[in-house]
Amino acid sequence: MMMLGDPETVAAQIRMRLPKLTPLEGKVAGDILARKDINDDTPLKDVAEKSSVSEAMVVKVAKKLGFAGFREFRKGLIEYYKSDAAALHTEISNDDTSSEIVQKVFRTSMQALEETFAIFDLAAFDRAADYLHRAKQRDFYGFGGSAQIARDARHKFLRIGLRGSVFDDAHMMLMSASLLEPEDVVTAFSHSGETSILLEAVQLARKNGARVIAFTNYHDSTLAQTADVVLCSTAENSALLGENATARIAQLNLLDALFVATAQRDRAAADANLIKTMSAVSKKRER
């Protein structure tokens, strides 16, 4: 059952549960989330009619999203809409000027950061930093846009002397997973957490004893259920930007924080290796 407290966590907690809904339930949830006119007097009947479903369906959706019922769902939404984070996002329209576009894109990214921070799991974060610091081999998995985050991760950790490899090809990913051992760590980046080829590799890595850190938007996804540690991002869907693109901003910030925390496990070694790697790059530039 969802615990109502920080209003900024409400929408994030709802979004993380959306993949578990049926298409019709997902449409109902989306319809309700898109409404900004819900107040304490909004009746269940009105919400059901706006989505062309029964009142029982609305109650069912509310419960599947983690609420005790419609009234608690309504209360959570009202509190969320009053929060600073909710006020940040405004949908882009065809008539927007360049100034308005820039403002809306930036504010949507700010909202993703605010809400990701609101659901931040510090204990999971610390475990992830410990795993990466102690690992013998660090493999980073990701496809498409997630592969860019994986490459950024490999680059950051190499700068401080922690070697790792990036895999964004299905066959190479499976080959990597087949060779991993209990001292190794896989960090998998997947917005949906349901990419079948990535899941196959992650499951093989787990079978071989490797630890798995998941960066995903959905805490109930298959990837999250498979991983040892889950670091969740969250972002409101945008018709033009898409949810995935905005969530990557939050994941990159999570990654930056994780990198710093891992480096702090042995700051002297990290600083010494940073001097070596940056010196090598500087000499190359001078030639």
Peer 1: Which distance, rounded to the nearest 0.5 Å, do you find between the CG of Asn273 and the OG of Ser279?
Peer 2: 12.5 Å
Peer 1: Would you say that Ile119 contacts Cys232 through its side chain, given a criterion of any heavy-atom pair below 4.5 Å between the two side chains?
Peer 2: yes
Peer 1: Establish whether Val166 and Phe215 are linked, either directly or via other cluster members, by ILVMFWY side-chain heavy-atom contacts under 4.5 Å.
Peer 2: yes
Peer 1: Sequence neighbours excluded and cut-off under 3.5 Å, please list the side-chain donor-acceptor pairs for residues 204-211, or say none.
Peer 2:
{"from": "Arg206", "atom 1": "NH1", "to": "Thr226", "atom 2": "O", "distance (Å)": "2.3"}
{"from": "Asn208", "atom 1": "ND2", "to": "Ala177", "atom 2": "O", "distance (Å)": "2.8"}
{"from": "Asn208", "atom 1": "ND2", "to": "Ser178", "atom 2": "O", "distance (Å)": "3.4"}
{"from": "Arg211", "atom 1": "NH1", "to": "Asp228", "atom 2": "OD1", "distance (Å)": "3.4"}

Peer 1: If you count heavy atoms of other groups shown closer than 6.0 angstrom to CE of Met278, is the number above 12?
Peer 2: yes
Peer 1: Thr277: what forms a side chain to side chain donor-acceptor pair (under 3.5 Å) with it, not counting sequence neighbours?
Peer 2: none
Peer 1: Answer with yes or no whether the hydrophobic clustering places Leu254 together with Val185; edges join I, L, V, M, F, W, Y residues whose side-chain heavy atoms lie under 4.5 Å apart.
Peer 2: yes
Peer 1: How would you list, by chain and number, every residue that makes a side-chain contact (heavy atoms from CB on, under 4.5 Å) with Arg138, sequence neighbours excluded?
Peer 2: Leu132, Ala135, Phe140, Leu162
Peer 1: Would a hydrophobic clustering, with Ile, Leu, Val, Met, Phe, Trp and Tyr connected at side-chain separations under 4.5 Å, put Ile197 with Tyr218?
Peer 2: no
Peer 1: Give the C-alpha distance, both sets of side-chain angles, the deciding distance and a yes or no for side chain to side chain contact (heavy atoms under 4.5 Å, CB included) between Asp31 and Lys27.
Peer 2: CA-CA 6 Å; Asp31 289 345; Lys27 178 185 178 301; 2.9 Å; yes
Peer 1: To the nearest 0.5 Å, how far apart are CZ in Arg127 and CG in Leu231?
Peer 2: 9.0 Å
Peer 1: With rounding to the nearest 0.5 Å, note down the distance linking CZ in Arg151 to OG in Ser146.
Peer 2: 11.0 Å
Peer 1: Please assess Asp121 against Val230 for the test side chain to side chain contact (heavy atoms under 4.5 Å, CB included), listing each intermediate value before the final yes or no.
Peer 2: CA-CA 9 Å; Asp121 186 339; Val230 183; over 6 Å; no
Peer 1: Considering residues at least two apart in sequence or located in another chain, which fulfil the side chain to side chain donor-acceptor pair (under 3.5 Å) criterion with Lys136?
Peer 2: none
Peer 1: What salt bridge (Lys or Arg N to Asp or Glu O under 4.0 Å) pairs are there with at least one residue in residues 268-280, not counting sequence neighbours?
Peer 2: Arg267-Asp271
Peer 1: Side-chain contact test, heavy atoms from C-beta onward, threshold under 4.5 Å: evaluate it for Val47 versus Ile32 and give yes or no.
Peer 2: yes
Peer 1: Restricting to side chain to side chain donor-acceptor pair (under 3.5 Å), what partner residues turn up for Asp37, sequence neighbours left out?
Peer 2: Arg35
Peer 1: For the pair Gln264 (side chain) and Phe259 (backbone), establish whether a donor and an acceptor sit closer than 3.5 Å, ignoring hydrogens and angles.
Peer 2: no
Peer 1: In a table with atom names and distances, give each donor-acceptor pair under 3.5 Å that connects a side chain of residues 152-159 to protein atoms at least two apart or in another chain.
Peer 2:
{"from": "Asp152", "atom 1": "OD1", "to": "Lys156", "atom 2": "NZ", "distance (Å)": "3.1"}
{"from": "Asp152", "atom 1": "OD2", "to": "Lys156", "atom 2": "NZ", "distance (Å)": "2.6"}
{"from": "Lys156", "atom 1": "NZ", "to": "Asp256", "atom 2": "OD1", "distance (Å)": "3.0"}

Peer 1: Taking the basic N atoms (NZ, or NE/NH1/NH2) and the acidic carboxylate oxygens, is any pair closer than 4.0 Å for Arg134 and Asp266?
Peer 2: no
Peer 1: Are Ser176 and Gln137 packed together at the side-chain level, in the sense that at least one heavy-atom pair is separated by less than 4.5 angstrom?
Peer 2: no
Peer 1: Spell out, yes or no, whether Ile160 and Leu258 are grouped together once hydrophobic residues are joined by side-chain heavy atoms under 4.5 Å, including indirect joins.
Peer 2: yes
Peer 1: To the nearest 0.5 Å, what is the distance between OG1 on Thr42 and CZ on Arg74?
Peer 2: 6.5 Å
Peer 1: Partners of Tyr131 by ring-ring contact (aromatic ring centres under 6.0 Å, His included), sequence neighbours excluded?
Peer 2: none
Peer 1: Identify, with sequence neighbours excluded, every residue that meets side-chain contact (heavy atoms from CB on, under 4.5 Å) alongside Thr97.
Peer 2: Ser99, Glu100
Peer 1: Is Lys60 close to Val28 at the side-chain level, that is, under 4.5 Å between some pair of heavy atoms?
Peer 2: no
Peer 1: Got a sec, which residues hit side-chain contact (heavy atoms from CB on, under 4.5 Å) with Ala29, two or more places apart in sequence or on another chain?
Peer 2: Leu18, Leu21, Val61, Leu65
Peer 1: Within the 4.5 Å heavy-atom criterion, are Asp184 and Asp139 side-chain neighbours or not?
Peer 2: no
Peer 1: What do you reckon, is CD of Glu200 surrounded by more than 12 foreign heavy atoms closer than 6.0 Å?
Peer 2: no
Peer 1: Does any part of the side chain of Asp46, heavy atoms only, come nearer than 4.5 Å to the side chain of Lys50, both counted from C-beta?
Peer 2: yes
Peer 1: Mark yes or no for whether Asp168, through its side chain, and Phe143, through its backbone, hold a donor-acceptor pair below 3.5 Å.
Peer 2: no
Peer 1: Same cluster for Tyr141 and Leu255 if Ile/Leu/Val/Met/Phe/Trp/Tyr side chains link at under 4.5 Å?
Peer 2: no
Peer 1: Using modelled atom types only, decide if a donor and an acceptor are shared between the side chain of Thr116 and the backbone of Leu113 within a distance under 3.5 Å.
Peer 2: no
Peer 1: Any side-chain donor-acceptor pair under 3.5 Å between Glu194 and Ser221?
Peer 2: no
Peer 1: Out of curiosity, Arg71 CZ to Leu44 CG, how far, rounded to the nearest 0.5 Å?
Peer 2: 9.5 Å
Peer 1: For Lys20, give me all partners under side-chain contact (heavy atoms from CB on, under 4.5 Å), at least two apart in sequence or on another chain.
Peer 2: Asp220
Peer 1: Any chance you could measure Ser190, atom OG, to Leu199, atom CG, to the nearest 0.5 Å?
Peer 2: 7.0 Å
Peer 1: Would you call Arg17 and Lys64 a side-chain contact if the rule is heavy atoms closer than 4.5 Å?
Peer 2: no
Peer 1: My understanding is that only residues two or more places apart in sequence, or in another chain, count here; which of them pass ring-ring contact (aromatic ring centres under 6.0 Å, His included) with Phe120?
Peer 2: Phe125
Peer 1: Measure across Phe189 and Leu198 and return the closest heavy-atom pair with its distance rounded to 0.1 Å.
Peer 2: O-CD1, 3.8 Å
